[in-house]
Number of protein chains: 2
Amino acid sequence: MQSSIVLYSQAEENYLKCIYALEMEHGEEVSTNLIASKIKTKASSVTDMLKKLSAKNLVVYKKYQGVRLTERGRETALRVVRKHRLWECFLVQKLDFKWDEVHEIAEQLEHIESDLLIDKLDAFLRFPKTDPHGDPIPDKHGRMVISKTVRVLDMRIGSSGILTGVKDSSGPFLKYLNKKNLALGDKIKVIDIEPYDQSVHIETRTHRLVISNNVAENLYLRNVK
Amino acid sequence: MQSSIVLYSQAEENYLKCIYALEMEHGEEVSTNLIASKIKTKASSVTDMLKKLSAKNLVVYKKYQGVRLTERGRETALRVVRKHRLWECFLVQKLDFKWDEVHEIAEQLEHIESDLLIDKLDAFLRFPKTDPHGDPIPDKHGRMVISKTVRVLDMRIGSSGILTGVKDSSGPFLKYLNKKNLALGDKIKVIDIEPYDQSVHIETRTHRLVISNNVAENLYLRNVK
DNA sequence: AAGAATATTTAGGTTAGTCTAAAAAATGTT
DNA sequence: AACATTTTTTAGACTAACCTAAATATTCTT
Ligand SMILES: [Mn+2]
Ligand SMILES: [Mn+2]
Ligand SMILES: [Mn+2]
Ligand SMILES: [Mn+2]
């Protein structure tokens, strides 16, 4: 027997996706204010929505205690994440968008409802494992491969790795990386970390540059040697 | 100077598209009830929306007199139609959907807002002139080529033509055509029209069959000889 | 352990888009 | 022209998703 598919509103989907991301990031109960700031809404609106999601068994919510996704909530969130990332792949690979242009459009496309559509899109793209920002794409069962990566800031001086992900995939940050000629797949060597402000001297195959501690926190490297 | 782009809600876009289609079909003021039945809502809801669209200068509306699109309203409707039909092309040509499976998904995709997206999609599809149901696709300026066609019902007995469009592109009707092995591009000859019930005997390259008057009204042929 | 500061919830309101029921206008019929 | 029928509009209500302001709970500081 297959569970009949239930539809959720765009607002509900956005809250679930947001709670999922915050759970991943913090690993514990997610607070009302944290959700409010991420979703750019007011705490009172969040409280309203948490009650609704709780009534639908998508989250476990007790007053003043924060929320957690239920199994059902996580599945739903992952379906939205899968759609978001697949559409981002489509936009970059098939329509020649730049990696800094796709997020807003994917925010809309992720709410299109059709399982057949998303599975056909997945096949059309040849079942990509990561999106244009290096984030893993859940398969139709919600499973994904999370590759082990290290923040540039946590690298040992002299070590190097391949740039495989960014924590912040907002337009401005990605445009900054474009300007500095940094892209996913680049080999990066950490030359030095300034003790005073944690800024990092790095070297790529083509150039050297200094990045701020803030930037160094947002770049993930793989295959450290 | 370029007119700044104004966003409309999905509901507003759906009403505009509906009014556009009814204007095309009837060539005069569109009535409240007609809109209500097409959009599957109540006449009172339509009246509410007409007031709103009128306030935004998208339609000309006078109580009890029906509505007409303004220039601005028609442009907006055509933008939605363009998106709907381009997405239908994408679904059929790139994702291997059948022509009877795409309408519902396109109803969702037509509301995705991004001019760049739709122009890139248009280019990716090599600027198609018609959608999978034979309907013309407006270009980015709202212009489209409307090819002259004749309903099967209006053909002279013995004449023939190429099936280039269907009036009804609902799933059930298209599935009926699939079952009867009729597809766009097929050459069809009208063998006889039964005077009693207007049913039509037709012949294709591969078979002969009888279609009801209802079906004969919904099939358009081009290139009659 | 009390008071201050912060976080969260509640109460009450707004808007978009829908609905039903009733009123009013337009149209059709004798 | 009067009455009946149909169409359209108005009035009033509902829900989802948001808001502000006020109340309450929790957490931090001394
Ligand atoms: Mn994104
Ligand atoms: Mn991404
Ligand atoms: Mn369609
Ligand atoms: Mn179509």
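Heavy-atom basis, side chains included; hydrogens, waters and symmetry copies ignored. Proteins come first, then strands; the chains are lettered A, B, ... in the order of their sequence lines, and each starts at number 1. No experiment lies behind these values; they were computed from the predicted model shown.
- Remark: Lys42(B) is not in phosphate contact with dT18(C), judged by side-chain N or O atoms under 4.0 Å from OP1 or OP2.
- With respect to the salt-bridge test (charged N to carboxylate O, under 4.0 angstrom), the residues Asp122(B) and Arg82(B) qualify.
- Rounded to a whole Å, the CD atom of Glu29(B) is 15 Å from the P atom of dA26(C).
- The base of dT20(D) sits with one of its N or O atoms less than 3.5 Å from a complementary donor or acceptor on the side chain of Ser44(A).
- In this structure, CG of Asp48(B) is placed 12 Å from C1' of dG12(D), rounded to the nearest angstrom.
- Spacing between atom CG of Leu34(A) and atom C1' of dT8(C) amounts to 14 Å, rounded to whole angstrom units.
- Remark: Pro136(B) engages Arg85(B), Met144(B), Ile146(B) in a side-chain contact (heavy atoms from CB on, under 4.5 Å) (not counting sequence neighbours).
- Straight-line distance from the NZ atom of Lys40(A) to the P atom of dC19(D): 12 Å, rounded to whole Å.
- Dashed line: the shortest gap from a side-chain N or O of Thr47(B) to OP1 or OP2 of dT10(D) is not under 4.0 Å.
- A salt bridge is defined here as a Lys NZ or Arg NE, NH1 or NH2 lying under 4.0 Å from an Asp or Glu carboxylate O, and Lys140(B) with Asp119(B) meets this definition.
- Salt bridge status for Lys17(A) with Glu107(A): present, with a side-chain N to carboxylate O gap under 4.0 Å.
- For dA23(C), neither phosphate oxygen OP1 nor OP2 lies less than 4.0 angstrom from any side-chain nitrogen or oxygen of Tyr64(B).
- Thr32(B) comes within contact range of the sugar-phosphate backbone alone, with a heavy-atom separation under 4.0 Å but no base atom that close.
- Of the side-chain N and O atoms in Lys63(A), one or more sit less than 4.0 angstrom from OP1 or OP2 of dT10(C).
- One atom, NZ of Lys62(B), and another, C1' of dA26(C), lie 17 Å apart when rounded to the nearest Å.
- Contact between the side-chain N/O atoms of Asn33(B) and the OP1/OP2 oxygens of dT8(D) is found at a separation under 4.0 Å.
- If you measure from atom CG of Leu53(A) to atom P of dA16(D), you get 12 Å, rounded to the nearest angstrom.
- Taking 4.0 angstrom as the limit, Tyr15(B) places none of its side-chain polar atoms (N or O) nearer than this to OP1 or OP2 of dA16(C).
- Salt bridge Lys42(B)/Asp48(B): absent, no basic N to carboxylate O contact under 4.0 Å.
- Regarding Ile39(A), its CD1 atom lies at a distance of 12 Å from the C1' atom of dC18(D), rounded to whole Å.
- Across all strands, Ala43(B) comes closer than 4.0 Å to base atoms (heavy-atom distances).
- As a whole-Å value, the separation of Lys56(B) NZ from dA16(C) C1' is 10 Å.
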